[in-house]
Enquirer: 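Just dropping this structure here.
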Protein chains: 2
Amino acid sequence: MANINPARRAEIGREKRARTRAELVAAANSLFAKQAVESVTVDDVVREAGVAKGTFYVHFDGLDALTAAVAEELVLSFDEMLQADRLSLADPALRIAFGCSSFIDKALNDPRWASLVARMAAASPKGGELLRGRIFEDLQKFSQSLPGSGASAELNLEIVVGIMLQLMRALGERRLPSLDRDAAISAILRSIGLNAREAKSVLGRLSTSADGAMADGARPRKPQRQGAARSGA
Amino acid sequence: MANINPARRAEIGREKRARTRAELVAAANSLFAKQAVESVTVDDVVREAGVAKGTFYVHFDGLDALTAAVAEELVLSFDEMLQADRLSLADPALRIAFGCSSFIDKALNDPRWASLVARMAAASPKGGELLRGRIFEDLQKFSQSLPGSGASAELNLEIVVGIMLQLMRALGERRLPSLDRDAAISAILRSIGLNAREAKSVLGRLSTSADGAMADGARPRKPQRQGAARSGA
DNA sequence: CGTCATATTGACCGTACCGTCCAGACGCGG
DNA sequence: CCGCGTCTGGACGGTACGGTCAATATGACG
């Protein structure tokens with residue numbers, strides 16, 4: 001009794017601590033979307049977050065730890081958002097199309113996010129390993145399902161990632177302001193070995209299953225875009 | 001009295017000046033291939049080049065000017081190497097395939113170069129504008145030649161550039177040690193709208209015309225790779 | 001060999017940044 | 001009300017970097 005529960009003590013601070021940490025991560029998010037990751041300083045971050053410098057070093061060992069945290073949050077939040085729907089799709093090509101589609105949609109709705117993703121991928125390649133792994137899984141299954149005309153899954157992985165990252169860069173820099181999402185996904189599918197007909201078929205299945213998934217409430221934001229009217233496709 | 005020809009004086013220094021400048025650019029090349037462009041300092045460069053710090057500022061206004069010079073040299077030397085052969089090709093798809101093929105060949109023979117290209121493209125996007133323009137020209141002609149099934153030239157440009165840059169990164173980091181060049185080019189061609197048959201046809205025409213161009217002596221390095229044996233394709 | 005234009009040198013300074021530290025605020029249990 | 005632990009603030013030292021400048025080396029010319 002005399003001894004106050006030390007675990008209780010620790011838990012008390014946890015909330016405030018977590019909030020401050022989240023503020024630092026949010027500030028870094030904001031700065032990384034604006035300027036080169038390497039050019040962001042600790043002073044920049046603490047000024048943006050509205051906390052003192054000492055506080056920063058209570059939460060992180062240095063800028064590298066912060067960037068890693070930002071990358072992890074970025075990847076995990078996106079992966080979590082996708083995994084549920086992704087696992088419900090059996091066709092590997094459809095899975096890939098779905099993942100790319102979600103990526104592009106989010107980037108179209110939020111160019112700052114696209115810019116952030118592009119910069120983080122370049123600055124901390126380690127972070128994207130998880131998503132690379134997801135795509136690689138699907139590509140391997142896809143390669144097996146194909147007779148033998150396609151390239152290796154390793155090459156296809158670099159191709160898909162390369163296209164997606166370049167699209168993120170372009171969207172983040174406000175090039176391609178009116179990107180045709182379906183055309184982009186079709187190009188990705190064709191590059192890994194589908195023909196035009198098959199790609200179109202996947203796109204068709206994607207729009208129906210995606211609408212279903214959206215209706216589940218997994219996506220709070222309204223997912224419709226101006227191009228969504230083409231329900232006939 | 002007899003004023004010595006000032007133009008002569010200027011010309012005298014030109015040679016030494018040019019050599020020192022070239023040494024600085026070469027040192028930067030070497031460093032940029034090894035580490036992040038942003039992390040290279042003036043002291044690093046002058047140490048690598050074996051000149052004094054003051055000398056650096058005689059030749060360049062700062063690191064940005066050096067980077068720009070490196071990028072310009074990189075782009076111009078590659079563009080010059082390609083333009084002659086490129087202009088002899090009428091088919092835009094073949095032109096694109098030829099350009100990509102040359103890029104990949106050089107990267108396979110010199111991963112340091114690939115790494116340098118990838119880093120420079122990220123660090124000084126301005127420099128690559130010329131090559132982007134070349135590809136864009138070909139893609140526009142290509143889009144016109146196609147009935148209307150393909151995507152916009154703008155989107156195709158980002159796709160092609162995205163794939164090439166990712167391949168440069170992968171090659172520079174020694175991933176994909178045994179990259180199948182033909183498979184990569186086929187993927188690029190399919191992504192912009194060719195079907196598998198057409199892509200194969202372009203690859204066939206590419207290997208013949210490329211062999212011809214190689215024999216001209218434009219490429220001192222032996223261009224054969226282990227995959228080149230498939231002359232039957 | 002002396003002259004002169006030019007190239008080169010490296011010590012030097014100001015600054016921006018990193019990482020630390022200690023004094024004080026805050027929130028809780030007693 | 002006090003005691004205790006954690007979090008916070010911003011001043012401080014150390015340092016690495018960018019950029020300058022007066023002194024010196026080079027080498028062609030007469």
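Owing to the predicted nature of the structure, the values given are computational and were not obtained by experimental measurement. Side chains included, hydrogens not; waters and symmetry mates left out as well; all remaining heavy atoms used. Proteins come first, then strands; the chains are lettered A, B, ... in the order of their sequence lines, and each starts at number 1.
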Enquirer: Should the side chain of A/Lys53 and the base of D/dG9 be counted as holding a donor-acceptor pair, with the cut-off at 3.5 Å?
Expert: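 Side chain to base: no pair below 3.5 Å.
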Enquirer: Under 4.0 Å, heavy atoms only, any strand: does B/Val58 hit a base, just the sugar-phosphate, or nothing?
Expert: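 Result for B/Val58 = base.
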Enquirer: Is any side-chain N or O of A/His59 closer than 4.0 Å to OP1 or OP2 of D/dC7?
Expert: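 Answer no for this pair, as no side-chain N or O of A/His59 is under 4.0 Å from OP1 or OP2.
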Enquirer: Please report the distance, rounded to the nearest Å, between CG in A/Leu63 and C1' in C/dA16.
Expert: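 Spelled out: CG on A/Leu63 to C1' on C/dA16 is 14 Å.
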Enquirer: Check the distance between C/dA16's C1' and B/Glu38's CD and give it to me in whole angstrom.
Expert: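 Rounded to the whole Å, the gap is 18 Å.
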Enquirer: For the pair made of CZ in A/Arg19 and C1' in C/dG27, what is the distance, rounded to whole Å?
Expert: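 Those two atoms, CZ and C1', are 12 Å apart.
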Enquirer: I need the minimum non-hydrogen distance between A/Val75 and A/Gly127, along with the two atoms involved.
Expert: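 Heavy-atom minimum between the residues: CG2-O, 3.4 Å.
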Enquirer: Would one find a side-chain N or O of A/Thr20 under 4.0 angstrom from OP1 or OP2 of D/dT8?
Expert: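 Looking at the OP1 and OP2 atoms of D/dT8, one of them is under 4.0 Å from a side-chain N or O of A/Thr20.
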Enquirer: Among C/dT8, C/dG10, D/dG19, which nucleotide sits nearest the side chain of B/Tyr57?
Expert: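 It is D/dG19.
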Enquirer: Between A/Glu73 and A/Arg21, is there a side-chain N and carboxylate O pair less than 4.0 Å apart?
Expert: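 Looking at A/Arg21 together with A/Glu73, the answer is no, because their closest N to O distance does not fall below 4.0 Å.
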Enquirer: Please tell me which of the listed nucleotides, C/dA11, C/dT9, C/dC18, lies nearest to the side chain of A/Asp43?
Expert: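 Of C/dA11, C/dT9, C/dC18, C/dC18 is nearest to the side chain of A/Asp43.
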Enquirer: Quick check on D/dA16: is either OP1 or OP2 less than 4.0 Å from any side-chain nitrogen or oxygen of B/Thr41?
Expert: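 No, B/Thr41 has no side-chain N/O under 4.0 Å of OP1/OP2 on D/dA16.
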Enquirer: Determine whether the side chains of A/Asp85 and A/Ser88 contain a donor N or O and an acceptor N or O closer than 3.5 Å.
Expert: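 Absent: no donor and acceptor within the cut-off.
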Enquirer: Return the 5'-most residue of the pair A/Thr55, A/Ser39 with respect to DNA chain C, ranking by each residue's nearest nucleotide.
Expert: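 Closest to the 5' end, via its nearest nucleotide, is A/Ser39.
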Enquirer: Under a plain distance cut-off of 3.5 Å, with no hydrogens placed, do B/Ser39 and B/Gln35 share a side-chain donor-acceptor pair?
Expert: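 Per modelled atom types, B/Gln35 and B/Ser39 side chains form a pair under 3.5 Å.
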Enquirer: Under 3.5 Å, is there a donor-acceptor pair between the side chain of A/Ser102 and the main chain of A/Phe98?
Expert: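 Yes, the answer is positive, given that a donor and an acceptor are paired below the 3.5 Å cut-off.
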Enquirer: To the nearest Å, give me how far apart CG (A/Asp64) and P (C/dC18) are.
Expert: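 After rounding, the gap between these two atoms is 11 Å.
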Enquirer: Starting at CZ of A/Phe56 and ending at P of C/dC18, how long is that distance when rounded to a whole Å?
Expert: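 Distance check: A/Phe56 CZ to C/dC18 P gives 8 Å.
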Enquirer: Measure CG/B/Leu66 against P/D/dG19 and give the value in whole Å, please.
Expert: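 Spelled out: CG on B/Leu66 to P on D/dG19 is 12 Å.
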Enquirer: Within this structure, what is the CZ-to-P distance between A/Phe60 and C/dG19, rounded to whole angstrom?
Expert: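 Roughly 14 Å, once rounded to whole Å.
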